[in-house]
Amino acid sequence: MNYWLIKSEPDVFGIEHLQRHHETVWDGVRNYQARNYLQSARVGDVMFFYHSNIDPIGIAGLCKVVEGNVVDPSQFDPKSKYFDPKSSRAAPRWWTVRVQFVEKFAQVITLEALRQHFTPDDLVVLRKGNRLSVMPVGEDAALRLLAMER
DNA sequence: GCCAACGTTGGC
DNA sequence: GCCAACGTTGGC
């Protein structure tokens with residue numbers, strides 16, 4: 001099993017939205033490296049749900065992959081902001097996963113707390129200039145994160 | 001294939 | 001609102 005961190009702006013879609021909807025297709029990722037990570041995610045993988053552009057910034061909960069290799073439907077929808085005219089149903093560009101809500105943390109693990117306990121080598125999200133919206137989390141870091149939230 | 005211009009992300 | 005970082009676009 002692998003661990004990941006996925007970023008979202010909670011004003012658009014936060015952990016509470018996922019809690020309410022129970023499951024969602026993680027659509028709208030339009031960066032090739034992030035897409036490649038999503039393509040390598042497998043059913044059962046755990047994803048840390050990170051809130052950006054909000055106070056407090058940080059990891060707000062957990063979800064898990066319940067379906068892999070999902071074609072992102074928004075790439076075909078001309079009304080979607082994620083529409084990609086260069087993609088086609090015969091040869092889709094953008095793939096993702098379906099995730100299921102697992103847990104909303106009682107307290108967000110803040111960016112400040114992450115910086116106190118981890119180095120940028122431990123956690124990609126702490127690396128300067130990092131803008132990936134999907135990134136792997138090593139098992140050591142993942143287990144330490146899971147221990148932190150209780 | 002290079003690279004300047006441009007747009008977006010995201011912390012502050 | 002600012003701005004550093006960085007991915008993408010498009011002219012050449």
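In what follows, every chain begins at residue 1, and chains take the letters A, B, ... in the order their sequences are listed. It should be emphasised that the depicted structure is a prediction, and the values quoted were computed from it without experimental measurement.
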Practice task
Check every nucleotide of DNA chain C for an atom under 4.0 Å from a heavy-atom of chain A, then give the first and the last such nucleotide from 5' to 3'.
Solution key: C:dA5 to C:dT8
Tell me which donor-acceptor pairs under 3.5 Å the side chains of residues 46-67 of chain A have, and how far apart each pair is, sequence neighbours excluded?
unit_1, atom_1, unit_2, atom_2, d
A:His51, NE2, A:Ile15, N, 3.0
A:Asn53, ND2, A:Glu9, OE2, 3.1
A:Glu67, OE1, A:Arg98, NE, 3.4

Problem - Neighbours of DNA chain B within residues 52-60 of chain A, by heavy-atom distance under 4.0 Å - result: A:Ser52, A:Asn53, A:Ile57
Handout entry: Distance-only polar pair, side chains of A:Asn69 and A:Trp95, donor-acceptor under 3.5 Å
Key = no
Exercise for the section: Using only heavy-atom distances, determine whether the side chains of A:Trp94 and A:Asp84 contain a donor-acceptor pair under 3.5 Å. Expected result: yes
Fill in the blank from the handout: Given the options A:Gln75, A:Arg35, A:Lys81, A:Arg30 meets side-chain contact (heavy atoms from CB on, under 4.5 Å) only with A:Gln75
Exercise for the section: Could you check A:Thr24 against A:Val99 for side-chain contact (heavy atoms from CB on, under 4.5 Å), going step by step and ending with a plain yes or no? Expected result: CA-CA 6 Å; A:Thr24 196; A:Val99 295; 3.8 Å; yes
Practice task
Tell me, please, which residues at least two apart from A:His17 pass side-chain contact (heavy atoms from CB on, under 4.5 Å).
Solution key: A:Phe13, A:Arg20
Side-chain donor-acceptor distances from residues 129-142 of chain A under 3.5 Å, at least two apart:
unit_1, atom_1, unit_2, atom_2, d
A:Asn130, OD1, A:Leu132, N, 3.3

Practice task
Select base, sugar-phosphate, or nothing to describe what A:Arg115 touches, counting heavy atoms under 4.0 Å on all strands.
Solution key: sugar-phosphate
Practice task
Identify, between A:Val125 and A:Arg131, the residue whose nearest nucleotide on DNA chain B lies closer to the 5' end.
Solution key: A:Arg131
Determine all donor-acceptor pairs shorter than 3.5 Å in which one atom belongs to a side chain in residues 109-121 of chain A; sequence neighbours excluded.
unit_1, atom_1, unit_2, atom_2, d
A:Thr110, OG1, A:Ala113, N, 3.0
A:His117, ND1, A:Ala113, O, 2.9
A:Thr119, OG1, A:Asp121, N, 3.2
A:Thr119, OG1, A:Asp122, N, 3.2
A:Thr119, OG1, A:Asp122, OD2, 3.3

